[in-house]
Structure formats: structure tokens, C-alpha cells
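Report on one structure; see the data block that follows.
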Amino acid sequence: MMLYYILQVLILIGLVSTAAAVIWFKDLISAAIALGASSLILALQFYLLRAPDVAIAEAAVGAALTTAIFIFAIKSTDRTEGYK
Amino acid sequence: MNVDLLLQSPVFILGIPLLFAFLTPLADKVSKELRNAVFIIGLLLTALFVSLMAYEVYTIGSWTYVFGAEDPTAITDVSFFRITFLADGFAVLATLTIIITAVGVGIYSFGNMKDFDDLGKFYTLFLLTLAGVMGMVLTSDLFNLFVWFEVTSIASCGLIAYHNERGESVEAALKYMIISVIAGLLLLFSIGFFYGEYGVLNYFLIRDSMDGAFIDILAIGLVMVILSMKASSVPMHMWAPDAYSEAPDSITPFIAITSLGSLFVLFRLIFFVFRGAVEPSSIGNLLIILGVLSMFVGVSMALKQSDVKRLIAYLSVSQIGYMMMAVGVGFATLGTADYGAFGVNAVEGGFFHMINDGVYKALLFLSVGGIIYAADTRDLNRLGGLAHSMPFTTFFFIIGGLSIAGIPPLSGFSSKLLIYKSVYLYNPVLAIIALVVSIVTLALIGKIFFNAFLGPDQKIGMKIPRSMILSMGVLTVIIVIFSLFPNYVVSEIIAPAIEALGVAV
Amino acid sequence: MDDFKRFFSTFLLALGTYLILTFAAGVSIVEGTPLWGYEQLVLAFSVALIVASVTSHILCRKDDFRMLNPVRWGIMLVYLIPLFIEMVKANFDVAYRVITGNIRPGIVRIKPGLEKDLSITLLANSITLTPGTLTVDVDEDKKELYIHWIKVRKNPTETISGRFTKWIRRFAE
Amino acid sequence: MALVAYLFYQMGESSYKKTRLKGDPFISGNRPSKDPRDIHVGGDNLYWGFTHALRKYLDPLVEGHTGIVNDYVYWFVVTLAFVLVFLYLLI
Amino acid sequence: MIDFSYPLLLAVGIFFIYILISAIRIFLGPTAPDRAVALDTINTMVVASMVGLGAATWETLFIDIAIVYAVLSYITTLFIANYLEGVGSK
Amino acid sequence: MIVLTILYILLAVSIIFNGLGIIGLHRFPDVYTRLHAATKCTTFGTIFMTFTIMVYGGAMYYWYPAQEQYLNMVIHTFVALIAILVTNPTGAHALARAAHRVGVHPEKAVLDHLADKEEKE
Amino acid sequence: MNWFNFFPLIMVVTLVIMGLYVVLFKKNLIKMIMGIAIIQNGANLFLVSLAYREGYVAPIWTSAPATDMVLPTPHALTLTSIVIGVATTALMLSFVIMLKKHYGSINSDDARRCRE
Amino acid sequence: MKKIIAVIALIVISAFLFGGVVEMRNQDGGGFGNPVETEMDEYFLENSQDHNQVNNVVTAVLFDYRGLDTLGEATVLFSAVSGVLTVLRKTISSKEGEE
Amino acid sequence: MNVKMSVVVRTVADIMVVPIVVFGIYLILHGHLTPGGGFQGGAVVASSTALLIVAHGAMKDNKTDLSNMESTGLTLFFLLAMVGLIMGFSLFYNSLAGTGGIFGGTVSGINPGYINTGGTIPLMNIVVGMEVIAALSLILWMMAKRSGSLEVEK
């Protein structure tokens, strides 16, 4: 199952790089987008690890609801990081 | 097969607050009186079941409650794959401490919070916090501990931020929330390490399979730091003064009780689970270091405070230090001849101090809440002369303050004496530090007393409601009982708790 | 009457969705066929009733019930075929442009002459699905569409939406 | 104990002499205020000498309590690292 | 009986590489809409991968997750678009 | 085997079009053209992926009629296809509109009626 | 495949350290909460990784292809932790919203009226 | 200064965590994908259909074997909602929040 | 500053709400057979609230109903757990499994999935689903209200 290993390695690299994007962005809305992508890829990894229940939960909560809540919060505060 | 209802009581200690918390929003829609009735019935039922469990433990002996099994008390070799509750002397000690404070605070809240609207959420969160702490101290499953830990954190943060018209409250709640969420996630990691290494989650099975490997050290370290943080031990205490001082006045002792609850969990874990896996002296010394730091830094920071609630918050941090130091001394001598000589006394002193601390700290915070209710300020520079208009509160404050300072006739003295005696035998320096801290504590209590109660009458005394006086009176009576019969308390409540941890002499 | 129609359309949509989802799952009424069992059917009807009673105010906000007619559904399914052919054709076009980078973009305005919300939505989505064109904005008062076109040519209304408009007018207008 | 007390006394005494004008005679002034707030000793004034004598110890401690969330997490992480190393070395 | 698992897994591997390449656009994208476009692309690719993986490993129930994704990723996109519109019209 | 050939063709189309979408995402200059490539080429590719699975599952069900899970798989894949088909163009439209509202104008545009209209208002 | 044996778990640790880095060094409160979300992702992935067994199927008996299944307990634990994660995130973000209302800033350097 | 100490602490913690994940199941020769033999999970897998007549073992674990965790989890959500409603409710001082 | 999105988005959102809700209920009801369950299905249903909020920027005020639903769901969950206790077993004992009737069927080995199995577990899924739907919708509602992206419809 060499191919399966390669799939997981690719996914994990994607996960860590999107998480790095979350840290790197100064624009909070971009960081929220990257966080959404990160949890998207995380759900794919759950899928590969044969955890369908967890994958659905992560898909529903991580992709839709968490991003929504973050965007509401950003909307009622500031968009950019750092002092104005 | 019908099981005795008394043997089901651990379920109700957790379940009654939960169920009544779920019902409170529904009752709130109907009427305020119904809501209050639901709240107080829930509290009193919980107290009833705590006393039933205590009765059962002291007459029959401890038992393990297995969730989801056909017979909740029958132990087979697959029982510990499920979640279990431990009903033993230690659980009785912990639940008793918690419920005394909870009933006191609950009665107090009726008077203190009556001017605010939207109290349904307040009572809901109160009952949820109670359920969370009860679950923490009763459970014997690591992941279940994590779940109740989070319930406690979230519900108490909601309570702290109850006065959302004040920015400081929200700020304190956010700080507490961030740090406790990070702590909860690291707790999840240590649970993952335990599960990955041994494939089990129950205390009993972890205890049986631990072998002192590297993973054990890592996971034990994580758990210890997290629970000490929650217990507001220095240097991770900084959330405590913020949270204690910004919470609503009536709820502050209850936030402090969650700290005590996590301290109970820490002691249960190190004595009951981790004892065989590691060298006792290392964890014992660690606890002593943290305890001494807490005592000293707490009381030093209290010197600089002019906010009365913050001052008592720092004092409570320093009281946490006493317990950690005493129990650390007891744990460090575990397995040696010293344990029989003085270690058990140290643990007894520590546990006795915990139940004392729960009560007198509640009394102190509540009487300070009375001051704030009457004078509408927390600044010691502006308070003064309240003894003229508030004789009851003054009396209660004196009782609580002398007890926290360890003045002879009162209960704080008995526990502190046990601690001094045994700690002196372990290392005299520790005992001297404890004495010095105690003296400074007395001085600080004198400062509050002088500033708030003595002096010319400033005519700012507002009449405080009767339920506040009542609850403070109840707590005072309990302190007096503890003071009059310390031997009885130690032999009937503390000794079974130590025995339940499996470390009796 | 409108309330009932609204309720009924929501009910049908919910029932259909649930039945499609549970098709060929578990036991069946008739042995050997991939149909539904009794319990499934009971659950399906109760779920549809509950959903319809809770969310009936959402569907058909503007009291537009013409999609209840099954003939229109048939035409709509037939419409998928020209749409798919159009998609295939235009996808190769975009593939060519992706490789060569030969683009001449611009935003054009078209006036398809459709009135209803549903038909405008379908037209906009069809236009967006066929690569080369992308609906950017909709003017709700004038019923005009603003379309980003990857290679601007003459006579946008006819070129972009001519064929779709005819089909959509047939079942949604 | 007495030694510690004497040390405190010395530390307080040294600064006391420098800052206070001891020998100034009282000539005249306003009448003492009748407002109870002015007569009463406030919270900051009680034990002023004690805290002032200990300021070399207390001031860094007070400065350590910055009230920034990052510092709370910082102390948590540092303690975690310390405890892990401690347990690892001792066991 | 035909075994089509290996080509499907290979295709999914290629899709994963596509996902990584799209993630570069999340890094680069000069404006927020560009990043949202990349997120949308990743969503679609993830749905395709999930469908393929479910068939490749013979776990037919896993297709449900793809449906959840196909529906919910759209809501995320709408949220981002809504926020950007709110900023633009201010 | 003819089914296998069909499956390979469908899968190849899917991979090629998805790849074209990804290339377009990096090659095109601005948001709108990227949207053209990214959301729609990938939609097209994903449609072919779902076709692959549907043909595969249908063939399996044809050979093993007792195994109803394959039919279930086909139906659920079809639902996913419908969801993709409905939601993707709407998402693309919403993004394009948002981008225009934010003030991103198409690069190298030869004409822009929408901007003209907004100027008029 | 020896090197692969620890790769996912090492990535998990990387995620946690990245999250802790954000919480330690970033001053923006929403960014800090995003860091906490990253730690949550790492913890969830850690638990699910513990459950995985090579070549086994999901623990569901409905039309399962084989009978050997991955471990179910960590899946249940992870579900619990995901829901706890969304609850804490929502509560923290609402605190931040109120803090912005009172203090006019979401920088942690400004949110320090409680100190000493 | 503070930053340096923080970075050192982070490095120490990460070293411990890396050591932990590498060390975790080393005695069995397997790491990821080859977990330790757990009696608990085997018991769940074998007996969930017997005890609960349920196909999805995860659901059986969630609602029977570890049911109290699920109750706690629902409680967490409930308390979070209560907290959000408490925090975001109309403040006494500000009148523009209307609900 | 609430945003009303374009007519295309609104129409599609209106059409999509019912299938999303039904799909979430499908996940809840089949939680004991397929991946899914109370939490997952509840989250999916709650995201339809998010869809309505984001598309229309306006919604009916049903906070009271949602709050009642949440409390009712949790209370029922606890009472369902108590069923075992009342019958003399311990809390969370699945006393309905295999007793016949709806949700009382028996099952063993690999099977295509029968809906009438599971004892109390499907019922618990349903009540937890109610709780999660209400809780997440309430969170979304409050935060949208606070961030000014929601108007209350009459």
C-alpha cells in the first residue's frame, strides 16, 4: 500500500502548510480562509484514517460553522492584525 | 435485580444539578418564582444525595459505580472498560466541601443578585458549574475528567462575564478561558499518550499497567501542571485574582471552589494512580516547590493590593500553597518509615485545611461581597466605618479572617497546626516559611478589618438582604463546629479519605 | 390556498430528498428489489411532515408555484442535455485559452427578457457553468445580467444566452 | 525572627531619615477636616513603611504581573517545560 | 468483477497534488477574493477525492461525507463573499 | 473489457480537466479569469469523476444484483453530483460579485459595463 | 516504511507547537483563538491517528467489506473533543466581541486593566 | 529575554512531545498504523452488536459504553450557549442592542 | 450593514434549505447504521440557519423556540439515560435493545442495515440532534445579531 502512504504524506504536508498560512497572514479574513482550508484537509485525513463519523463532524463543524463564527467575529471587530 | 437507591447516589449527585440546569431555562419562561424554586430544590436535592452517599460510605464502605452495566456495583474484568464513578471517603470529603460552599453561595445569590434581570442564565450556569466540579471529583475515568474539566471552565467563564456591562469582567473571563482551553487541550494530549501506550482510560487500569516509562513521565507532568494551573498555583496563578475580583460578588467563592476541586483531582491522581509508577519524592518535591512559591508570592502580592477582593484572591492563592506543601510533604515520604511518623499527619493537615479553606474562604468572600453591596466600592482607600451599620457582617468577617490566619480557637488553627508540626519534622525551613506567611496573612486581615470596618461612621451603610446574612451565618456555624470538634472531623472525615486513597498507615 | 400549496411543495421536496437518500438501504417491501421498508416509509412521511411544517415559509417566498407542474420538470431534465453539450464545447475552448493564454476579457451587459427569480437564477447558473462566461452581477429592477466574458465579441445577448433563454422560458417562465 | 525584624527596621529607617523633614516646626495651617474620609487611614497608607522597606522585593514581583494574556500562557509553558525536565531528571 | 481501485487511488493522489498546488494560491493570492477562489477549488477537489476514495476502498457509506462537503463548502464560500460585499459597500 | 475502457476514459478526462483548472488558477492574471478556470474546469472534472463512480457502481450492481450497497453508492454519488452542480456556479457568482464590490476590476478589460453603471449611480 | 511510522504523529506535534507559538507571540486576540483552533486540530488528529490500523476498515457493520476494524474508542473521544472545540471557540469569540465593544481594541496589550 | 526563554521552553516541550510520540509504542515494533493490542476496543468491537443491536460501533461507544462523556459533551454545548447568551445579551449601559 | 446577497444566491439558498435539513435528519436517523449521528446531523441542520442568515441577512426571531428545544432535548436525553436506572440497572444501560417494536430489532454480523435496531441509541441520537440543532443555531443567531449582519423579520 505504498500509494496509501504517499496520499497521507501529501495530505499532512498540506495540513501543516495551511496552518503555517494561518500564522503568516496579517489579514484576518485570509487567515480565516486558510483555517477553513486547513480543517478541510484535516477532514480528508480523517477520511483516509477510516473515521467517517469524525470526518462528517469535522466537515460540518470545521468547514461551515467555525468559519462562519470567525467571520462574524471579524466583522464586529477589526480586520487586520496589529495596531492601527 | 433492583439495586439499592442509596448505591445510585453518585449518579444523582452529578445528575440532579445537570437535570435542574436543563430545566431552569424552561422554568424561567414560566415565572421567576418557579425558576427560583427549581434552583433551590436542585441545590438541596444535591446536598441530600451527598449526605446519603456519605452515610452509605461511612456505614457500608466504598463502592465503584459502573455506568451502562447491568448491575452498577458488580465488578467484573470488563467493568473498567466503561466509565466508572468512585464513591469512597475521598469523594465524600470533596463533595462535602463543594456542596457546603454551593449551598451557602446559592442562598446568598438570592439576596445579592435580586436587582439584576435575566437571572435564568445565571442560575443555569451556577448549576452547570456545580455539576462540572462534582463530575471532576467523582469520576475515575481520564477522558471523563477532561469533559467535566471543560464544563467547569466554560460555565465558570460564563459566570465571570455575567456583568457584561463592565469590560473588566469580560477581560478576566477571556483570559481565564484562553488559558484553561489550552490546558484542556494539553490534558487531551496526555490522555492520548495514556491511551496510545496502554489502550485504557480508567484510573484502575492505568494504575495497574503503568510501568514508569518515558511516556508516563510526560503524561504525568502534563496532568500535574494542568491541574496545578486550574488550582491557581504560582506561577500560573495570574488568572485567579482577575477572575475572583471581577466575578459577581456572590459567585466568587464558587470560582474558588472549582480550584479546590481540581486540587482534589490532582491529589486523587497522584495518590491513587501515579503512585506506583514514579519515585514519590520527585512529585512530592515538585508539589512542595509549587506550594512554597504559592504561599510566598500570593501573600507578597496581597500586600500591595488596595482592592479588597483582589487582596483576598491573593490570600486564597497563598492558602492553596499550604495544601500543596502539606500534601507534597506527605507524598514525598510515601513508602518510607517517615510516612508513618509524620507524613500521614501532613496529608491529614492538608486535607483538613482544604475543607476548612473551602468554608472560610467562602465566608470571607461573601462578607466582602456584603461590604461591596453596602458601600458600592471595592477600594480600601474609600471604605471605612462599616462596623457601625453592619454588625453581623463584621462579626462574620472576624470569624473568617481569624480562621484564615490560623488563630487558635478557630478551625484554621487546627489544620495549620497539623501542617506546621509535620512539615517541621520534614524540613524546618518550610515550617518557618509557613509561619511567616501566616503572620503576614493575619496582618492583611487586620488591614481589611481596620480599613473597612473601623474608623468614623461614613453613613454609607445600605441594608443588606436577609438571605445574605443567613448564608454567612450558616457558614459561620459550620466553621464553629469544625473549630469545636477538630478531632472528630479528622477521625471521621479525613481519615477515611486518606484510607480511600490506599495510603493509610 | 397559497399556504397549503407552499406546504405541499415543501413536503414533496422533503419527501423526495429523503426517499432518494434511503433508496436501496436496508430491507424492502418487495423481496429482491431495492425499495424501501415499512419503517423507512413511515419515517419518511413523518420527517417530511415535520420539515414542511417548520420550513414551509422559506420555499416559494414570492408565491410562485409553477414548478409544481410535472411537465415543467420533464422539460427541465431534457434541458440538462443541451446544457451538457454546451459545457463540453466551451470547456475545450477554455482549455485552449488556459494553455495559450489568449484572452480578451470584459464585462458585458445582457438583457435576456426573463422576469421570474427562478428563471434568472437558472440562466445565471447556466451561463456560469459554461466556461468562458461568468455572471458577475444581477440588476434586479431592470432584469439585466452583467457577465464577465473571457473573449469579448459582438452581440453579447444572442451569443451568450440565446439558446438557454429559449429553453428556460419554456419551463420556468 | 528578631533579626529579620531588625533588618526590616534598618531598611525602613535609612530611607525614612532622608525623605522626611523632621525638624520643621508647626506654625499654622488649616483646621483639621471634619470629613470622616480625611481622618480615616486609607488602604494604601496602612503598612506603608513595611511595603516601602520591601520594595526591592515587591516591585519586580508587581511588574511581573503584567496582565497580558500572552504572559499568562508564557508562565504556563515555562512551568510545563520546567516540570517536565524536573521529572525527567529525577526519575 | 473488475478491480478499479488502483487507478482510482492514483487519480486521488493526483487530486491531492492539485490540492497542494491550489494551496500555493492561498499563500500567493494578492487579494482575499483570490484566496477564496483557491479555497473553492480545494473544496471541489476534496469532494472529487472523497468520492473516488469511497469507491476505491469499497466503503460505500463514505460517499455521505462527500455530500456533506459539497453542500457545506458552499456555505463557507458564501460567508466569505458576504463579508467581502459588506466591506465593499461600506 | 469495454466497461474498463469507459472508466479509464472518464477518469482521464476528469484528471485532465481538473489539472487545467489548477493551471488556470495560477496562469490567469486576475480574480475573474481565475474563477473561470478554477471553479468551472474543476466542476467539469468532478462531474466526470462522479460519472466514473456511477458507471463503476452501476456495473458492479449489474454483476452482483444482491449487493444493494452498490446501487446505494450510485444514488448517493448522484446526489453529490446534483449538489455540486447547483452550488458551485452560485458560489462562483457570489465570489465574483463580492470581488467587484470590493473594487477588484478586471485586468486588461476591453469594456466594463458594470463599472460604468456604478459610476453613473 | 520505517520512516513513515511516526510521520503523522510528528506532524501532529508540529501543529501543536505552531499553535503554542501563535498563542505565545501574537498579540491579536482573534489570531490567538485561531492558534487555539490549530492546537485543537492537532489534538483531534492525534487521537484519530492512535485509532488507525493498517488495512482495516471503518468500525461500521453496515455492508462492511471485511470484519477487521479500526479502534472505535478514539473516534468517540474525538467527536466529543470536536464539539467541545466549537463550543469553546464560540464562547471565546463572543468574549472578544464584547471586549472590542468596551475597550475599542482587540490587542492583548490593551486588554490589561486587570493587573498587579 | 522573555522571548528567548519562551522559545527555549517551546523547544523543550516539543522535544518531549516528539520523544513521546516516537517512544509511545516502540516495544511492539509498530508506530502509526499498528497500535498496541487493546482489550477494550476488541471488547467493544465484538460485543456492541450483542449488547446494543447496533451496527455503528462508534455510536455504541458514544451512547452506551461512554454515554456519560456524551452527556458531558452535550452539557458543554449547553453551557457554551448559556455563556454566549449571557455575554452577548443587551447590556444595561448600551441601549442600541435590542433584543 | 447587513448584506442582502444577489437574487441568484437567495433563490438557490431557498431551494437548498429543505434538502439540507432533510439530509441532516437523515444523518441523525441513520446514525446507528451509517456514519453520522446526533452531533453531525445537528451540525448539518444548523448550517441551514447559517445559509439563511448569510443569504438574506434577515431571519425570524425564533430564539425562544430554539432555547426551549435545546432544554427539552437535553432533558429527554437525561431521562432516556434514566430509563435503565428506573428499571433497576445502571445509568445509560440500553434496556430497549432487542425487545422488539420500533428500534427494538436484533442484528448480527455484516448486514445491509435495518433501521429498527439499536434500542435507546437512535432515540438518543434524535434528542441529541435536537439539542445540537438548537444550540448551534442559537450561537450563530446571537453572533450574527451582534455583528450587525442580521435583521429580525417580523
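Only this structure's heavy atoms are used, side chains among them; waters, hydrogens and symmetry mates stay out.
- Comparing E:I65, E:L39, E:T77 by how many heavy-atom pairs each has under 4.5 Å with chain A, the most go to E:I65.
- The CG atom of E:L78 lies 10.5 Å from the CD1 atom of A:I71; values are rounded to the nearest 0.5 Å.
- Interatomic distance, OG1 of E:T57 versus OH of A:Y4, reported as 6.0 Å (0.5 Å rounding).
- Heavy-atom pairs under 4.5 Å with chain E peak, among A:G36, A:A55, A:A20, A:A63, at A:A63.
- For the pair A:R79 and E:Y83, the cation-pi criterion (under 6.0 Å, within 45° of the ring axis) is not fulfilled.
- In terms of heavy-atom pairs under 4.5 angstrom with chain E, the leader among A:A43, A:A64, A:G14, A:A68 is A:A68.
- From A:K75, atom NZ reaches atom CG of E:N82 across 4.5 Å, with rounding to the nearest 0.5 Å.
- Residues A:F72 and E:F79 bring their aromatic ring centres within 6.0 Å.
- With a 4.5 angstrom heavy-atom cutoff, E:F62 touches chain A via backbone and side-chain atoms both.
- Contact count versus chain E (heavy atoms, under 4.5 Å) is highest, among A:L40, A:L65, A:I11, for A:L40.
- E:S49 OG to A:L48 CG: the interatomic distance, rounded to the nearest 0.5 Å, is 9.0 Å.
- Note that the CD1 atom of E:I26 and the CD1 atom of A:I33 stand 7.5 Å from one another [nearest 0.5 Å].
- With a 4.5 Å cut-off on non-hydrogen atoms, E:L61 does not touch chain A at all.
- Put simply, CD1 on A:I41 and CZ on E:F16 are 9.5 Å apart, with the number rounded to the nearest 0.5 Å.
- Heavy-atom pairs under 4.5 Å with chain A peak, among E:L20, E:T31, E:I19, at E:L20.
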